[in-house]
There are 2 protein chains.
Amino acid sequence: MSKRSSVAGRAGDAELRADARRNRQLIIEAAQQLFLRDGADVPLEEIARRAGVGIGTLYRRFPDRNALIHAAGLAMLERLAELAESAWREEPDAWHALRRFLRGALELRLGALQSVIEPRLHAAMRAAPELREIRQRIIVLVERMIRHAHQDGALRPDVEPGDIALMMTMHVQLPGAAPDERAVRRVVEIMLDGLRAGDQPELPDGAMPIGAVQPDPVEP
Amino acid sequence: MSKRSSVAGRAGDAELRADARRNRQLIIEAAQQLFLRDGADVPLEEIARRAGVGIGTLYRRFPDRNALIHAAGLAMLERLAELAESAWREEPDAWHALRRFLRGALELRLGALQSVIEPRLHAAMRAAPELREIRQRIIVLVERMIRHAHQDGALRPDVEPGDIALMMTMHVQLPGAAPDERAVRRVVEIMLDGLRAGDQPELPDGAMPIGAVQPDPVEP
DNA sequence: GGCTAACCGGAGGATTTTCCTCCAGTTGAC
DNA sequence: GTCAACTGGAGGAAAATCCTCCGGTTAGCC
């Protein structure tokens with residue numbers, strides 16, 4: 001057995017020479033930024049350029065666009081899960097945990113990234129159980145936050161998980177560059193204030209359902 | 001003077017045969033939908049297809065992509081202005097006007113469309129005074145709504161015009177198709193509740209500035 | 001320090017996408 | 001009924017994107 005072999009932890013990340021592993025990471029980060037800014041069809045060459053590596057390196061590590069989307073989606077879901085878990089673990093109550101989670105998801109634009117690559121991820125999810133598994137973990141945790149926050153009377157009672165999910169994916173695009181951090185933060189705070197229990201009028205029906213990955217759609 | 005000539009109302013719309021005018025309108029509507037869904041780089045052929053006209057027809061009416069973006073942007077700004085004006089005219093007070101305006105902008109996705117094509121519109125705006133003029137009219141009206149709503153004590157005092165502008169451009173993308181109307185509506189209502197005057201904590205600094213079209217950036 | 005397997009960048013040809021003109025046929029307005 | 005205006009889409013030009021291949025470089029181990 002070669003010295004390098006291992007349990008092969010997260011597929012692709014282990015068993016690489018140090019420089020290769022570093023570049024792989026740079027590529028994923030660049031991909032996340034560009035997917036977010038330009039959509040999932042952004043030229044791979046541009047991703048390579050932003051990562052500061054050659055196009056050859058990108059192709060060596062990710063044989064096709066789907067592999068890259070898969071990796072970027074996995075990294076994103078892992079950050080989201082980590083965000084939800086630390087919030088739940090460290091905040092004093094469910095409302096604060098939910099608030100921290102939403103702030104993080106919106107400021108890191110994790111939800112927005114999700115909304116951009118999710119269509120492509122759907123195909124991957126059916127094939128890749130680990131993606132489904134992480135996604136499920138996040139859903140369970142957020143649902144738990146909501147349930148407890150309701151019980152505590154901190155979250156307005158008519159808010160449903162689907163509402164939170166939709167808010168997470170809200171995308172702020174501004175002419176040209178990325179929107180100003182601080183300006184977005186203000187809007188997030190306004191939304192959070194709208195979520196607090198109070199004497200608001202009841203929300204209309206029709207919350208978005210959230211749940212498992214849908215079964216295969218019929219081919220067009 | 002030919003019988004067809006006229007004051008040439010909105011450029012390009014008048015002096016066309018009925019079928020041509022109808023097709024022109026269909027093209028603009030298709031362009032708005034696709035710009036919103038796929039970004040401002042969507043192939044013109046796809047726009048023609050969705051409009052149900054040939055590619056030749058599209059090119060005859062809009063010599064290049066910019067002309068189409070210009071027309072779509074103009075139509076969008078006109079609807080926004082109309083929305084702001086009717087809200088101001090027909091609602092009993094500034095808060096209700098602002099609420100109606102925001103609901104409309106978010107549900108019609110006018111702000112989102114704006115955010116998609118605004119980068120391209122910027123160039124057009126410098127050249128096209130009528131775009132600047134409409135845009136300015138909207139800004140003035142919304143600022144007036146905010147000012148009055150503040151005076152009435154209905155809008156939380158730390159909300160600034162830039163916050164409203166940013167909320168307008170919020171984009172809800174969902175995997176695949178357009179997001180469900182009713183689900184989005186709920187989130188809009190939550191945001192509106194966050195805007196109402198109450199005992200919320202103060203917003204952090206850093207509201208987005210809004211204003212005139214910026215001067216020409218230096219060429220890269 | 002020296003060795004070598006693993007890694008790197010990017011030139012460049014193949015492929016796909018997008019553009020945009022042109023013209024034979026159709027239609028609305030008078 | 002006439003005809004100027006309009007229509008759709010075929011198809012070649014141009015541009016964008018993909019993706020392989022290989023000479024040169026480097027990390028890791030002795």
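Each chain gets a letter, A, B and so on, in the order the sequences are listed, and its residues count up from 1.
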Name all residues meeting the side chain to side chain donor-acceptor pair (under 3.5 Å) criterion together with [X]; count only those two or more places apart in sequence or in a different chain, and write none if there are none.
X      : result
B:D19  : B:R17
A:E130 : none
A:E143 : none
A:R49  : none

When you check the gap from the basic side-chain N to the acidic O, do [X] and [Y] get nearer than 4.0 Å?
X      : Y      : answer
A:R99  : A:E91  : no
A:E189 : A:R185 : yes
A:R109 : A:E181 : yes

Among C:dA5, D:dT7, D:dA4, which nucleotide has an atom closest to any side-chain atom of A:R17?
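Closest nucleotide to the A:R17 side chain: C:dA5.
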Can you tell if the side chain of B:E82 reaches within under 4.5 Å of the side chain of B:E78, non-hydrogen atoms only?
no
Can you build the contact string for nucleotides 18-23 of chain D? Use B for base contact, S for sugar-phosphate-only contact, and - for no protein heavy atom under 4.0 Å.
BBB---
For B:L16 and D:dA4, give me the distance from atom CG to atom P, rounded to whole Å.
18 Å
Terminal helix-axis angle for the helix from C:dG1-D:dC30 to C:dC30-D:dG1, with five pairs defining each axis and rounding to 10 degrees:
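One end's axis against the other's: 40°.
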